[in-house]
Undergrad: 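Structure in structure tokens, see below.
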Amino acid sequence: MNPNVDDYIQQHSPWQDVLSQLRKLVLSTKLSEQWKWRAPCYTLDGKNVVMIAAFKKDCVLSFFKGPLLKDPENLLTAPGENSRTFRVVRFTDAKQVTGLKSQLKFLIEQAIEVERSGQQIEAKKGPDEFPAELTAKLKEDPKLKRAFESLTPGRQRAYVMHFAEAKQAKTRTARIEKFAPRILDGKGMNDCVCGLTNKPPGCDGSHNKR
């Protein structure tokens with residue numbers, strides 16, 4: 001058990017029971033507890049499988065390869081309209097976790113088998129294809145390329161969409177240059193970079209209150 005996760009749960013007092021129940025459930029499987037992106041992450045042989053996180057209105061159990069899971073009771077939802085990989089189950093009360101224990105365990109065990117089998121979510125082309133400027137920059141800068149490829153698929157896609165939506169090449173290039181330091185730091189577009197947020201890994205604007 002990672003001490004950072006103990007601190008994380010203590011810092012989110014409204015959700016301590018929910019987070020503790022989710023943690024206990026995940027740790028009853030073969031997953032290992034890690035601390036990534038300022039949140040509890042659970043891995044199999046070093047590969048990310050699930051995460052737990054607390055937000056303002058709820059807590060979530062997130063599955064990195066959610067679309068590959070069988071979900072007969074429709075517990076999984078996409079965290080955003082553009083999400084292609086992550087799927088989450090949301091909770092507002094610890095009783096929800098205990099009431100769904102067998103169903104959640106079923107999803108987690110599936111996620112473990114999916115990761116063990118090496119299955120991957122098929123990349124979709126089209127509007128989210130890398131803009132030429134990003135492809136060129138990653139080819140030119142191997143360090144940036146490694147950092148970008150180390151980001152979660154959702155974070156990669158957010159950057160690609162932001163860069164590609166600019167109509168002019170010079171604007172796309174400027175955006176890539178602007179976010180390169182953040183990518184090198186392993187951060188997504190909306191991740192906190194100052195460490196003051198109360199909703200890691202996202203930024204909640206706490207830096208504006210200092």
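Residue numbers start at 1 and run along the sequence shown. Values in this document were obtained by computation on a predicted structure and should not be read as measured data.
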Undergrad: Going by the angle between their ring planes, with limits at 30° and 60°, are F163 and Y159 parallel, tilted or perpendicular?
TA: parallel

Undergrad: For A54 and Y8, which heavy atoms make the closest approach, and how far apart are they?
TA: N-OH, 2.9 Å

Undergrad: According to side chain to side chain contact (heavy atoms under 4.5 Å, CB included), who are the partners of E33, at least two apart in sequence or on a separate chain?
TA: M1, N2, V5, R23, L27, Y42

Undergrad: In the structure I gave you, are the side-chain heavy atoms of D7 and W35 within less than 4.5 Å of one another anywhere?
TA: no

Undergrad: Side chain to side chain contact (heavy atoms under 4.5 Å, CB included) for I108 and L61? Distances and angles first, verdict last.
TA: CA-CA 10 Å; I108 296 169; L61 173 63; 4.3 Å; yes

Undergrad: So how far is it from R90 CZ to C59 SG, rounded to the nearest 0.5 Å?
TA: 10.5 Å

Undergrad: Working to the nearest 0.5 Å, report the span between NZ of K47 and CD of E115.
TA: 5.5 Å

Undergrad: Do you know the tightest heavy-atom contact between G66 and L76?
TA: O-CD1, 4.0 Å

Undergrad: Ignoring hydrogens and angles, tell me if any N or O in the side chain of Q156 forms a donor-acceptor pair with the backbone of L151 under 3.5 Å.
TA: yes

Undergrad: What's the separation between atom CG in L69 and atom CD in E113, rounded to the nearest 0.5 Å?
TA: 11.5 Å

Undergrad: Carefully, step by step, assess K30 and R116 under the rule side chain to side chain contact (heavy atoms under 4.5 Å, CB included).
TA: CA-CA 11 Å; K30 296 181 179 180; R116 186 175 282 136; 4.1 Å; yes

Undergrad: Is the shortest side-chain heavy-atom distance between F63 and Q110 below 4.5 Å?
TA: no

Undergrad: Going by salt bridge (Lys or Arg N to Asp or Glu O under 4.0 Å), name the pairs with one or both residues in residues 158-170, residues two or more places apart or in two chains.
TA: E165-R175

Undergrad: Enter the distance from L22:CG to I52:CD1 here, rounded to the nearest 0.5 Å.
TA: 5.5 Å

Undergrad: Begin from the C-alpha positions of L19 and H12 and carry the test side chain to side chain contact (heavy atoms under 4.5 Å, CB included) through to its verdict.
TA: CA-CA 9 Å; L19 292 170; H12 292 84; 4.0 Å; yes

Undergrad: Which residues pass the side chain to side chain contact (heavy atoms under 4.5 Å, CB included) test with E140, sequence neighbours left out?
TA: K137

Undergrad: Is there a donor-acceptor pair closer than 3.5 Å between any side-chain N or O of K65 and the backbone N or O of V114?
TA: no

Undergrad: Apply side chain to side chain contact (heavy atoms under 4.5 Å, CB included) to K101 and list each qualifying residue two or more places apart in sequence or on a separate chain.
TA: L25

Undergrad: Between CD1 of I121 and CG of L68, what distance do you get to the nearest 0.5 Å?
TA: 4.5 Å

Undergrad: Could you tell me whether the side chain of K105 reaches within less than 4.5 Å of the side chain of T29, counting heavy atoms only?
TA: yes

Undergrad: Assess the residue pair R155 and M189 against the criterion (side chain to side chain contact (heavy atoms under 4.5 Å, CB included)); give the C-alpha distance rounded to whole Å, side-chain angles, the decisive distance to 0.1 Å, and a yes or no.
TA: CA-CA 7 Å; R155 286 176 171 81; M189 283 187 60; over 6 Å; no

Undergrad: Tell me whether R182 contacts the main-chain N or O of G188 through its side chain, where contact means a donor paired with an acceptor under 3.5 Å.
TA: yes

Undergrad: Is there any ring pair (Phe, Tyr, Trp, His ring centres under 6.0 Å) pair reaching into residues 85-114, and which pairs are they, with sequence neighbours excluded?
TA: F64-F86

Undergrad: Which pair of heavy atoms, one from V49 and one from I112, lies closest together, and at what distance?
TA: CG1-N, 4.2 Å

Undergrad: Return the minimal non-hydrogen interatomic distance between T85 and G154, and the atom names on each side.
TA: OG1-N, 4.1 Å

Undergrad: Does D58, at its CG atom, have more than 12 non-hydrogen atoms belonging to other residues, nucleotides or ligands within less than 6.0 Å?
TA: yes

Undergrad: Please find the pair of heavy atoms, one from G46 and one from K36, that lie closest to each other, and give the distance.
TA: O-NZ, 4.1 Å

Undergrad: Provide the closest heavy-atom pair for V50 versus V26 in the form atom of the first, atom of the second, distance.
TA: CG2-CG1, 3.9 Å

Undergrad: Roughly how far, to the nearest 0.5 Å, is CD1 of I176 from CG of L144?
TA: 9.0 Å

Undergrad: Would you call the rings of F179 and H162 parallel, tilted or perpendicular, where under 30° means parallel and over 60° means perpendicular?
TA: perpendicular

Undergrad: Could you work out, with side chain to side chain contact (heavy atoms under 4.5 Å, CB included) as the rule, every residue matching Q21, not counting sequence neighbours?
TA: A94, V97, T98

